[in-house]
Amino acid sequence: MEEVARKLSSVEVKVLEILGEEFRRVEEIARDTGLDEAAVRRALEYLSSKGLAEVNKESYTHWDWTDQGRFYVGNPLPERRLLELLKEKGEVPLEEAKGLLGDELAPALGVLKKEKLVKIEKGRIVLLGYVEKFPWEEAIRTLEGEGLDFLQRRGLVRRKRTTVTRARITPLGKKVRGIKVDLIERLTPEILRTGAWKGKEFRHYDVESPVPPKHFGSKHPYVEFLRKVKEVLLSMGFKEMEPAPVVMTHFWNLEALFVPQNHPAADLGAADTYLVEEPQKYMEVEEREIYEGVKEVHGRVWNYRWDDEVARRLVLRSHCTALSALTLRRPEIPGKYFTICRVYRPEQVDAKHLPEFNQLDGIVLDPSLNFRHLLGLLKEFAEAFVGTGNVKFKAGYFPFTEPSVEMFAKHPSLGWIEIGGAGMFREELLEPFGIDVPVIAWGLGLERFFMTRYGIHDIRELFTEDLGRLREIPKVWRL
Amino acid sequence: MPTIRMRRDDLFRIVGRELSREELEDVLFMLKSELEEWGEEIEVSVDDSERPDLWSAEGLGRAIRLHLGIQRGAPTYEVHPSSYEVINEKPSARPLIVAAVVKGVKLGEEGLEQLIQLQEKVMLTYGRNRKRIAIGTSRADLIAFPIRYTEVDPESHSFIPLHEGEEMTLEEVLRKTEKGRAYAHLLEGYRKYPVLLDAKDRVVTFPPVINSNDLGRIDENTRDIFIDVTGNHLPSMVTALNVMVTALAERGGEIYEVRVNGEKYPDLSPREIVVDEKYLRKLGGYEGDIVDPLERAGYTVLSERPLRLLYPAYRGDIRHPRDVLEDLLSAANYNSLEPLTPEVYTRGALNEETLLSDAVRDLLVGASAEEVQTFTLTDPELFRVLGMDVKVTLSNPVSRTYSALRSSLLPHLLRVLSKNVMLHYPQRIFEIGEVYTPERELRVAYVEAGKEASYTTARQVLEFLGRKMGWNFIFKEGEHPLFIEGRTAKVYLGEEEIGVVGEVKPEHLERFNLIMPVAGFEVRLPSSRR
């Protein structure tokens with residue numbers, strides 16, 4: 001029996017010490033000993049095979065969230081979002097609802113139609129009734145009560161089988177526990193000072209059993225990814241643009257880029273730009289000469305009535321090219337500039353849309369540049385960011401560039417994907433800045449590369465506040 | 001950007017031959033378009049909001065025909081003289097009008113669908129949802145000319161609006177019909193409404209709202225069509241009219257002029273532009289043939305030296321030699337141009353904020369903290385419950401959650417802690433990011449939650465940061481809504497206050513369901529104020 005006691009590992013000793021006459025759950029034992037759960041299970045297996053502990057396993061089924069369902073614990077269900085939207089507005093065109101709810105529109109409509117709370121009439125969703133709370137809204141949070149079957153059919157909760165392992169000590173275990181063996185349990189400064197270790201053996205650890213995970217300092221994976229992107233640009237000789245406030249005049253966001261006021265390119269118009277309410281709605285453009293120059297060119301080329309109110313309106317920048325415009329004030333020629341900047345769009349948040357995200361934009365200024373250099377530069381980017389030189393170009397349209405191009409690259413797993421857009425700044429745009437050399441301008445979306453690479457399907461995860469999730473994403477050590 | 005649908009065989013009939021899917025995709029790529037759907041019906045998205053001439057089967061078919069070389073040079077159109085007349089009395093709401101008549105059109109179902117689609121897309125995108133341009137189409141054979149474009153009292157004239165069953169006054173149209181409600185805002189503030197009246201004083205069109213059901217209902221058998229374009233921006237109205245009539249000409253329509261106060265419309269004679277060939281070659285880096293691609297882009301080359309070109313009247317977007325350059329290169333096909341690597345030598349550099357953020361990030365990671373990234377947009381309510389406020393708010397938020405710019409990082413970090421109460425402690429997190437006070441500042445904030453967390457532990461981390469960065473922080477007793485009185489210090493760098501450090505008040509912890517002490521700091525990164 002003493003031999004058995006000597007051979008016990010330190011984990012086994014710890015577990016054996018805490019076992020009682022009554023069955024206790026593995027989780028409790030792990031908590032009270034500070035050991036990893038898996039380590040406790042292993043120790044119990046060994047103890048049981050030596051007849052020192054009795055292990056009992058029981059299985060039962062219970063409700064649990066699916067991955068998708070877990071998201072809705074802290075977020076409103078699609079039908080609630082739609083219902084609240086309708087409560088506020090009475091009715092909403094389907095197109096608009098699609099824009100606001102995205103993928104969530106179909107399930108939301110399904111539920112609300114079934115509950116007879118909405119109808120669709122001439123392409124609009126019309127509110128028929130309002131419900132303060134559906135029973136399943138409570139159920140998705142608590143996993144109790146009415147509506148769980150309904151949630152299961154929607155794939156938000158599922159039945160899960162869980163096995164509970166309990167253990168207690170056997171009479172033999174008690175005897176072994178009582179035996180004193182002369183082994184060093186823990187090497188301490190005291191033992192080292194006194195030399196008490198001499199001639200003694202150490203208690204064996206179960207070195208193959210898991211240790212509890214521990215988390216240390218780490219950089220945010222997406223921030224780190226963006227930083228790697230900057231390194232690539234740096235290696236190509238690009239200089240990072242100076243940062244600027246996201247609050248800027250409409251003028252610098254659009255007009256300075258030769259985009260006429262109320263331009264039809266919807267994603268550039270005011271309807272797709274956040275407008276600032278406080279502390280002030282308007283601000284004069286400091287650079288009067290540029291301002292007057294831009295105004296003059298707009299009048300001459302676009303032939304419309306310029307509205308100073310619109311130009312002075314404060315907005316949150318909606319695209320990074322606005323920062324390129326600011327850089328045109330005092331550029332070096334030859335010059336190569338880039339920026340990774342945060343841009344803002346009034347979008348309803350869903351798996352594909354965020355109200356703010358990052359763009360990569362840049363410009364190159366030099367008398368020698370031509371359109372083929374632009375294509376060459378884009379190809380370099382495809383090689384650096386997607387890892388392929390297999391690209392094709394499409395004629396594109398941006399109000400500030402001519403010629404304009406969009407680039408597609410053959411991604412190893414996604415097929416042809418759009419990488420970004422580029423063009424040569426129009427001469428009418430450069431004129432008020434007094435720049436008379438060709439300027440190449442380009443912009444790339446970054447989220448997609450990152451998400452593909454790290455298997456992220458929901459764009460909201462880029463800003464996740466779930467530390468557990470962040471810890472799962474591997475270190476970004478190269479692009 | 002407009003997305004247009006059409007029948008595939010109809011498109012190919014207009015092109016003059018069939019194309020395989022790949023062939024069509026390639027051509028569309030050079031016409032700034034993408035094939036979205038392929039079947040009996042196809043769907044194409046056209047990127048260019050300045051090219052309404054591509055927004056129909058007729059227009060796209062014509063462009064493809066040119067691109068493939070089936071037809072060469074700028075298409076020409078004959079405009080027949082006529083006695084059709086519009087008298088423009090310049091209604092104040094939209095004082096301009098241009099018009100044309102097209103006769104003998106063979107619309108059929110396809111043609112009718114295309115006509116309606118083109119009209120709608122032009123009004124919506126190119127016409128700024130009818131603000132800049134509204135287009136009416138009516139039965140030329142039923143109208144008694146001359147037409148008067150005038151303004152009338154909202155109650156004075158009645159007509160049956162398109163697809164409605166009863167006669168209504170203009171005022172009733174705005175109230176009772178769907179289109180009326182949708183566009184009433186464009187007439188807001190005007191005491192009189194614009195209207196087209198024929199010689200028998202019948203309403204032809206009530207722009208920008210709706211046509212008459214009697215005179216304005218076009219069906220697949222309609223042969224003679226009167227088109228009016230009203231608005232306040234003549235150049236784009238002229239383009240819209242030219243786009244409409246030349247599309248109808250693709251279906252056998254003969255174009256007839258309409259005199260508006262003596263001016264003849266439409267003027268479809270090709271426009272001329274002179275371009276320096278050297279300019280095209282230098283900026284394009286283009287060495288190939290110039291004439292063939294320009295012809296395939298729809299230009300007629302009058303002479304090569306100097307390069308004198310004619311382009312069709314439906315192209316309202318050609319203003320500058322740059323526009324010709326793009327047409328030349330895309331017709332030559334971007335994918336046939338050999339990309340060149342730019343050889344411009346410049347020294348790369350990161351900006352000061354990036355370098356500063358890098359240094360601070362490294363140090364805090366070394367202090368065992370995990371970096372988080374939260375939105376800069378925030379919920380003002382989150383700040384309010386913490387006794388703080390936001391300084392920059394938005395006029396048009398989509399939801400309250402994202403209706404202001406954050407004025408501090410700490411509230412977001414507390415929210416992160418509250419979402420991770422099931423994870424082991426201690427938890428140490430930090431964020432580097434912008435706040436708006438309302439001035440932009442780049443800041444770093446750090447919080448730690450755990451049994452040992454205290455003013456001292458938070459300040460130790462901050463002082464570690466300061467020591468390594470060479471920032472000699474001075475701590476002075478102060479107050480902050482987040483922190484316990486007497487355990488809060490304002491952080492100074494020289495004379496300047498740059499942040500705060502302290503222990504979070506238990507009432508806030510309770511609000512965030514935190515049962516662990518929390519301490520932390522937030523400081524502006526020196527020399528980052530703008």
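Throughout, a chain's letter reflects where its sequence line sits, starting with A, and its residues are numbered from 1. Computed from a prediction, not measured in an experiment: that's the story for all the values here.
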> Would you say R322(B)'s side chain and E402(A)'s backbone share a donor-acceptor pair under 3.5 angstrom?
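Pair found, side chain donor or acceptor close to backbone of E402(A).
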
> When you check the side-chain N and O atoms of T374(B) and E465(A), is any donor under 3.5 Å from an acceptor?
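Looking only at side-chain atoms, E465(A) and T374(B) do not form any donor-acceptor pair under 3.5 Å.
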
> Which answer fits T376(B), side chain, backbone, both or neither, if we ask what part of it has an atom under 4.5 Å from a heavy atom of chain A?
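Both the backbone and the side chain of T376(B) come within 4.5 Å of chain A.
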
> Side chain, backbone, both or neither: which part of N232(B) has a non-hydrogen atom closer than 4.5 Å to chain A?
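Contact with chain A involves no heavy atom of N232(B) at all.
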
> Where does Y222(A) contact chain B at under 4.5 Å (heavy atoms): side chain, backbone, both or neither?
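For Y222(A), the side chain is the part near chain B, not the backbone.
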
> Got a sec, which residues hit side-chain contact (heavy atoms from CB on, under 4.5 Å) with D366(A), two or more places apart in sequence or on another chain?
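Per chain and number, D366(A) pairs via side-chain contact (heavy atoms from CB on, under 4.5 Å) with P334(A), S368(A), L369(A), V344(B).
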
> Please report the shortest heavy-atom distance between Y274(A) and L377(B), naming the atom on each side.
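Distance-wise, the nearest heavy atoms are CE1-CD1, 3.9 Å.
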
> Is any side-chain heavy atom of L470(A) less than 4.5 Å from a side-chain heavy atom of E370(B)?
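The answer is no; the side chains never approach within 4.5 Å.
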
> Which residue out of R342(A), E380(A), R305(A) racks up the most heavy-atom pairs below 4.5 Å with chain B?
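Ranked by contacts with chain B, first place is R342(A).
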
> When you measure from the centre of the six-membered ring of Y334(B), is the NZ or CZ of K394(A) under 6.0 Å away and within 45° of the axis?
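Here K394(A) fails the 6.0 Å and 45° test against Y334(B).
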
> Is it true that a side-chain atom of R347(B) and a backbone atom of K239(A) form a donor plus acceptor pair closer than 3.5 Å?
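No, the answer is negative, given that no donor and acceptor are paired below the 3.5 Å cut-off.
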
> For atom CD of Q280(A), is the number of surrounding heavy atoms from other residues, nucleotides or ligands below 6.0 Å larger than 12?
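For Q280(A), atom CD is crowded (more than 12 foreign heavy atoms under 6.0 Å).
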
> Tell me if a side-chain donor or acceptor on T346(B) pairs with a main-chain N or O of G335(A) at a distance below 3.5 Å.
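Checking the backbone N and O of G335(A) against the side chain of T346(B), no donor-acceptor pair under 3.5 Å is found.
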
> Do you know which two heavy atoms are closest between L337(B) and R372(A), and how far apart they sit?
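For L337(B) versus R372(A), the nearest heavy atoms are CB-CG, 4.1 Å.
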
> Compare every heavy atom of W302(A) with every heavy atom of E50(B), then report the nearest pair and how far apart it is.
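So the two residues come closest at OE1-CZ3, 3.8 Å.
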
> Among E431(B), M422(B), H233(B), single out the residue with the greatest number of heavy-atom pairs under 4.5 Å to chain A.
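Highest number of heavy-atom pairs under 4.5 Å: H233(B).
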
> Please determine whether side chain to side chain donor-acceptor pair (under 3.5 Å) holds for the pair T354(B) and E240(A), giving the CA-CA distance in whole Å, both sets of side-chain angles, and the decisive distance to 0.1 Å.
CA-CA 9 Å; T354(B) 296; E240(A) 191 174 16; 2.7 Å; yes

> Keeping the roles fixed (side chain from N396(B), backbone from L275(A)), state whether a donor-acceptor pair exists under 3.5 Å.
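Yes.
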
> For E287(B), which atoms come within 4.5 Å of any heavy atom of chain A: side chain, backbone, both, or neither?
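Side chain only.
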
> Nearest heavy-atom pair of S395(B) and R313(A): which atoms, and what distance?
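Shortest heavy-atom separation between S395(B) and R313(A) comes out as OG-NH2, 3.1 Å.
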
> Which atoms form the tightest heavy-atom contact between R440(B) and P243(A), and what is the distance?
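Of all heavy-atom pairs spanning R440(B) and P243(A), the closest is NH2-CB, 3.5 Å.
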
> Tell me, please, which residues at least two apart from N420(B) pass side-chain contact (heavy atoms from CB on, under 4.5 Å).
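Counting only residues at least two positions away or on another chain, N420(B) forms a side-chain contact (heavy atoms from CB on, under 4.5 Å) with D466(A), L467(A), V416(B), L423(B), Q427(B).
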
> Does any backbone or side-chain atom of Y344(A) lie under 4.5 Å from a heavy atom of chain B? Answer side chain, backbone, both or neither.
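Just the side chain, heavy atoms under 4.5 Å.
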
> Chain A heavy atoms under 4.5 Å from L405(B): which part of the residue, side chain, backbone, both or neither?
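Contact with chain A involves the side chain of L405(B) alone.
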
> Taking the six-membered ring for Trp and the full ring for Phe, Tyr or His, determine whether the centres of F29(B) and F393(A) are under 6.0 Å apart.
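No; F393(A) has its ring centre 6.0 Å or more from that of F29(B).
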
> Quick one: of H215(A), E347(A), M236(A), who has the most non-hydrogen atom pairs under 4.5 Å with chain B?
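If we count pairs closer than 4.5 Å to chain B, E347(A) comes out on top.
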
> Determine the minimum heavy-atom distance between M241(A) and N351(B), stating which atoms define it.
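Taking M241(A) first and N351(B) second, the nearest heavy atoms are O-ND2, 2.8 Å.
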
> Quick check against the 3.5 Å criterion: does T393(B) have a side-chain atom that pairs as donor or acceptor with the backbone of E278(A)?
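Here the side-chain-to-backbone pair exists.
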
> Strictly distance-based, threshold 3.5 Å: is any side-chain N or O of Y436(B) a donor or acceptor partner for the main-chain N or O of V246(A)?
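Judged by distance alone, yes, a pair lies under 3.5 Å.
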
> Under the 3.5 angstrom rule, does the side chain of E371(B) hit a backbone N or O of H220(A) as a donor-acceptor pair?
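The answer is yes, because a donor-acceptor pair under 3.5 Å joins these two groups.
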
> Identify whether the distance between the nearest side-chain nitrogen and carboxylate oxygen of D323(B) and R426(A) falls below 4.0 Å.
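Looking at D323(B) and R426(A), the cut-off is met.
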
